[in-house]
Amino acid sequence: MTEDLDDLRQAMKAATPAPDAAKKAAHLAVARKKFR
Amino acid sequence: MRPRIFFSRIGQGLTIGARPMIVMRMDASDESLARAAAGGDADAFLTLLERHYDGVFRLAFRLTGSRPEAEDLTQDVCAALPVKLDGFRGAARFTTWLWRVVVNAAHDRRRRAATRARYAEGWGDWERNRRAADSETRAAEDWLTGAMRSLPDDLRDTLALVLDDATHEEAADVLGVSPGTVSWRISEAKKHLRALRAKEDQV
């Protein structure tokens with residue numbers, strides 16, 4: 001296993017998925033509604 | 001008819017028409033948008049949230065280690081932000097304040113999950129099956145995200161922030177500890193991950 005923090009950062013970036021577009025739209029809609 | 005001309009509430013320059021121009025919103029600082037949002041400006045709030053949504057999700061994923069949990073946590077944050085923003089005073093950078101909101105929301109979810117688990121004890125097969133399914137899900141995840149779930153909460157939170165490119169000083173601000181404590185926690189987290197890997201390699 002890599003011990004260096006930069007290597008861990010790279011590994012974590014590779015493992016982190018992009019947000020789902022539909023979920024994102026739904027969450028923004030929830031936030032918009034709650035803001036009123 | 002001549003267009004009505006006024007200054008936007010966030011002080012980003014001259015705007016024309018009934019609403020501030022979007023392009024000016026995009027250039028506005030986080031802090032000015034947050035102050036405008038705290039004052040009731042819905043456009044400023046949405047601009048700010050759209051700007052940082054992906055970052056909130058990324059940090060949520062690093063704190064939880066799973067997409068479904070990260071999505072739930074991100075939704076919690078989105079739903080809570082309108083009220084939380086009332087408490088933004090501009091004393092810290094907006095992102096420092098926002099990451100603190102995300103970390104605190106993660107703590108709340110862990111507490112609720114721990115409470116549910118305690119109530120579930122004694123439910124026999126149902127609980128055993130649930131844990132087995134959870135274990136299988138974890139086995140399929142990336143090693144690092146799975147291993148981070150095994151860290152104590154304080155080490156996991158600290159590592160999640162630092163792996164998200166926060167400096168030790170920024171992580172210290174978010175967590176309310178000293179930079180020295182952040183450095184110690186990172187060192188401990190690395191030791192823990194190294195030991196876990198060594199143990200797995202022996203099997």
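Every chain is numbered from 1, with letters handed out A, B, ... down the list of sequences.
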Closest approach of [X] to [Y] (non-hydrogen atoms, all atoms of both residues):
| X | Y | result |
| --- | --- | --- |
| B:Y53 | A:H27 | OH-ND1, 2.7 Å |
| A:A31 | B:C78 | CB-O, 3.4 Å |
| A:L28 | B:L46 | O-CD2, 4.3 Å |

Report the distance from atom [atom1] of [X] to atom [atom2] of [Y], rounding to the nearest 0.5 Å.
| X | Y | atom1 | atom2 | value |
| --- | --- | --- | --- | --- |
| A:L5 | B:H168 | CG | NE2 | 6.0 Å |
| A:F35 | B:D41 | CZ | CG | 6.5 Å |
| B:E71 | A:D20 | CD | CG | 6.0 Å |
| B:L144 | A:Q10 | CG | CD | 12.0 Å |
| A:K13 | B:R58 | NZ | CZ | 8.5 Å |

Contact part of B:L196 toward chain A, heavy-atom cut-off under 4.5 Å: side chain, backbone, both or neither?
neither
Which atoms of B:V83 approach chain A - backbone, side chain, both or neither, heavy atom under 4.5 Å:
neither
Evaluate the side chain to side chain contact (heavy atoms under 4.5 Å, CB included) criterion for residues B:K190 and A:L8: first the C-alpha distance (whole Å), next the side-chain angles of each, then the deciding distance (0.1 Å), finally the verdict.
CA-CA 9 Å; B:K190 286 199 292 185; A:L8 281 175; 4.1 Å; yes
Can you tell me which of B:D165, B:L49, B:L81 forms the most heavy-atom pairs within a distance under 4.5 Å of chain A?
B:D165
Note: B:D54-A:K24 ion pair, threshold 4.0 Å (strictly below)
yes
A:D6 versus chain B, the contacting section by heavy-atom distance below 4.5 Å:
neither
Counting only non-hydrogen atoms closer than 4.5 Å, does A:A18 touch chain B with its backbone (N, CA, C, O), its side chain (CB onward), both, or neither?
backbone
Between A:K34, A:K23, A:K33, A:M12, which shows the greatest number of heavy-atom pairs under 4.5 Å with chain B?
A:M12
Any non-hydrogen side-chain atom of B:F57 less than 4.5 Å from a side-chain atom of A:P17?
yes
